[in-house]
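Since this is a predicted model, take the numbers as computed values, not measurements. Each chain gets a letter, A, B and so on, in the order its sequence line appears, and its residues count up from 1.
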2 protein chains.
Amino acid sequence: MSKQEGTQQLPGYLEVTNAVNSHTEEQKKFQLFFQKANVPATQLCPVRDIMARLSDKWSMLVILALGGFGTMRFNELKHKIGDVSQRMLTVTLRNLENDGLLTRTIYPEIPPRVEYALTPLGHSFKEQIAGFANWATAHTEEIYRKRFSDS
Amino acid sequence: MSKQEGTQQLPGYLEVTNAVNSHTEEQKKFQLFFQKANVPATQLCPVRDIMARLSDKWSMLVILALGGFGTMRFNELKHKIGDVSQRMLTVTLRNLENDGLLTRTIYPEIPPRVEYALTPLGHSFKEQIAGFANWATAHTEEIYRKRFSDS
DNA sequence: CAGCATCCTCAGGGATACTG
DNA sequence: CAGTATCCCTGAGGATGCTG
């Protein structure tokens with residue numbers, strides 16, 4: 001609020017947006033993250049992009065399933081994840097494959113057999129989800145209590 | 001593939017789904033996560049639920065912005081996050097407030113002033129995003145190379 | 001078995017206009 | 001300033017049927 005060095009005449013209503021001279025190192029870190037994540041949406045943005053991939057309902061389940069039970073076939077996955085449509089499972093698996101998070105191995109037999117397994121990249125991603133799942137379960141009660149106590 | 005102790009006659013095409021006797025502790029952990037995350041979608045599920053919250057485009061940006069720049073007013077946020085519609089910013093802020101991730105303070109002045117700030121819960125959530133953003137930036141090249149080298 | 005193709009629905013989210 | 005209220009449109013995603 002008070003005047004700071006390096007801050008020129010402020011236009012009045014517009015605030016210190018040029019303040020790269022942040023308070024703490026902590027904050028600086030997040031300013032950087034913010035900048036990385038805050039792109040015009042026309043270009044590709046790793047953070048938003050990869051976030052979106054992981055974030056989606058089915059990707060997470062697939063990664064956790066393969067992480068917990070190892071290599072699985074298409075229908076095994078489908079049965080494990082009860083309420084996924086076959087279409088979405090296919091789409092999800094293709095995306096994860098394209099990003100190198102899992103491998104798709106086809107055995108030319110009859111009937112056909114296709115096995116899915118996490119790559120090293122997939123395993124490291126799995127750990128991120130674990131961190132997240134831990135946070136979520138740890139704070140579930142706190143969040144839900146707040147959420148459902150509102151008018 | 002070879003026979004394991006504790007494994008009864010397999011029905012042939014159906015595989016060892018009853019194998020709660022997992023190989024490693026590592027795997028057990030993820031089997032648990034999977035079970036927690038894999039709910040019929042009719043009930044509420046902390047993991048999916050909170051995942052969805054973080055996952056969405058604007059929540060992440062808002063958290064990062066407030067984390068990096070501290071308390072902000074509505075239009076400050078709006079200008080920081082270039083391409084968010086005013087509607088979605090409102091919705092996002094309300095959701096985050098309802099979950100206790102940020103506070104909304106109204107100053108009864110004219111013109112009105114409303115300030116948003118992270119709660120302790122919000123700050124801890126911010127750290128999760130940081131972990132994620134770190135992972136994403138660290139593996140961006142690897143992922144993009146794979147993704148764009150495909151047919 | 002492991003999918004692809006098609007159709008169809010509905011909710012996320014943008015644009016615009018109005019208000020305390 | 002900080003929203004609310006409407007309208008509208010796109011695309012995520014389910015259901016169904018067909019194939020190598």
Spell out, as yes or no, whether a donor-acceptor pair under 3.5 Å connects the side chain of A:Asn38 to the backbone of B:Lys80.
-> yes
Donor-acceptor pair, B:Thr119 side chain versus B:Gly100 backbone, under 3.5 Å?
-> yes
Report which part of the nucleic acid A:Tyr116 touches: base, sugar-phosphate, or nothing (heavy-atom distance under 4.0 Å, all strands).
-> sugar-phosphate
Using the side chain to side chain contact (heavy atoms under 4.5 Å, CB included) rule, take B:Phe125 and B:Ile63 through it: C-alpha gap first, then chi angles, then the decisive distance, then the call.
-> CA-CA 8 Å; B:Phe125 189 72; B:Ile63 301 277; 4.1 Å; yes
For nucleotides 8-13 of chain D, print each protein N/O atom paired with a nucleotide N/O atom at under 3.5 Å, atom names and distance only.
from   : atom 1 : to      : atom 2 : distance (Å)
D:dG13 : N7     : A:Arg87 : NH2    : 2.5

Who are the side chain to side chain contact (heavy atoms under 4.5 Å, CB included) partners of B:Glu26, not counting sequence neighbours?
-> A:Lys126, A:Glu127, B:Thr24, B:Lys29, B:Phe30
Find every protein N or O atom lying less than 3.5 Å from an N or O atom of nucleotides 17-20 of chain D, and list the pairs.
none

Residues two or more places apart in sequence or in another chain: which of them pass ring pair (Phe, Tyr, Trp, His ring centres under 6.0 Å) with A:Trp58?
-> none
If you draw the axis of the six-membered ring of A:Tyr116, does the NZ or CZ of A:Arg104 fall within 45° of it and under 6.0 Å from the ring centre?
-> no
Out of curiosity, B:Asp83 CG to B:Lys57 NZ, how far, rounded to the nearest 0.5 Å?
-> 6.0 Å
Could you tell me whether B:Glu115 and B:Arg113 have a side-chain N and a carboxylate O separated by less than 4.0 Å?
-> yes
Shorter than 3.5 Å, N or O on both sides, protein versus nucleotides 8-11 of chain C: list them out with atom names.
none

May I ask you to verify if any side-chain N or O of B:Arg104 is less than 4.0 angstrom from the OP1 or OP2 atom of D:dA2?
-> no
What integer distance in Å separates B:Ile81:CD1 from C:dG14:P?
-> 12 Å
Would you find a donor on one side and an acceptor on the other, under 3.5 Å apart, between the side chain of B:Glu97 and the backbone of B:Arg94?
-> no
Round to a whole Å and report the spacing from CG of A:Asn95 to P of C:dG3.
-> 14 Å
Could you state the atom-to-atom distance from CD of B:Glu115 to P of D:dG3 in whole Å?
-> 12 Å
Are the side chain of A:Thr71 and the backbone of A:Ala117 linked by a donor-acceptor contact shorter than 3.5 Å?
-> no
Between CE of B:Met72 and P of D:dG3 the distance, given in whole Å, is 14 Å
B:Glu109 CD to D:dA2 P, in whole Å, measures 10 Å
Write down the distance between CG (B:Leu61) and C1' (C:dG13), rounded to a whole number of angstrom.
-> 15 Å
Decide side chain to side chain contact (heavy atoms under 4.5 Å, CB included) for A:Tyr144 and A:Glu141; before the verdict, give the C-alpha distance in whole Å, the side-chain angles of both, and the deciding distance to 0.1 Å.
-> CA-CA 5 Å; A:Tyr144 278 179; A:Glu141 230 209 315; over 6 Å; no
Helix axis bend for the helix from C:dC1-D:dG20 to C:dG20-D:dC1 - C1'-based end axes, five pairs, 10° rounding = 50°
May I ask you to decide whether A:Arg147 forms a salt bridge with B:Asp49, counting only side-chain N to carboxylate O separations under 4.0 Å?
-> yes
Starting at atom CZ of A:Arg73, determine the distance to atom P of C:dA2, rounded to an integer number of angstrom.
-> 4 Å
On DNA chain C, nearest-nucleotide positions of A:Pro111 versus A:Arg94: which is more 5'?
-> A:Pro111
B:Lys78 side chain vs B:Val84 backbone, donor-acceptor pair below 3.5 Å | yes
Is there a path from A:Ile106 to A:Leu66 through hydrophobic residues (I, L, V, M, F, W, Y) whose side chains come within less than 4.5 Å of each other?
-> yes
Atom-to-atom span, CG of B:Leu89 to C1' of D:dA5 - whole angstrom = 17 Å
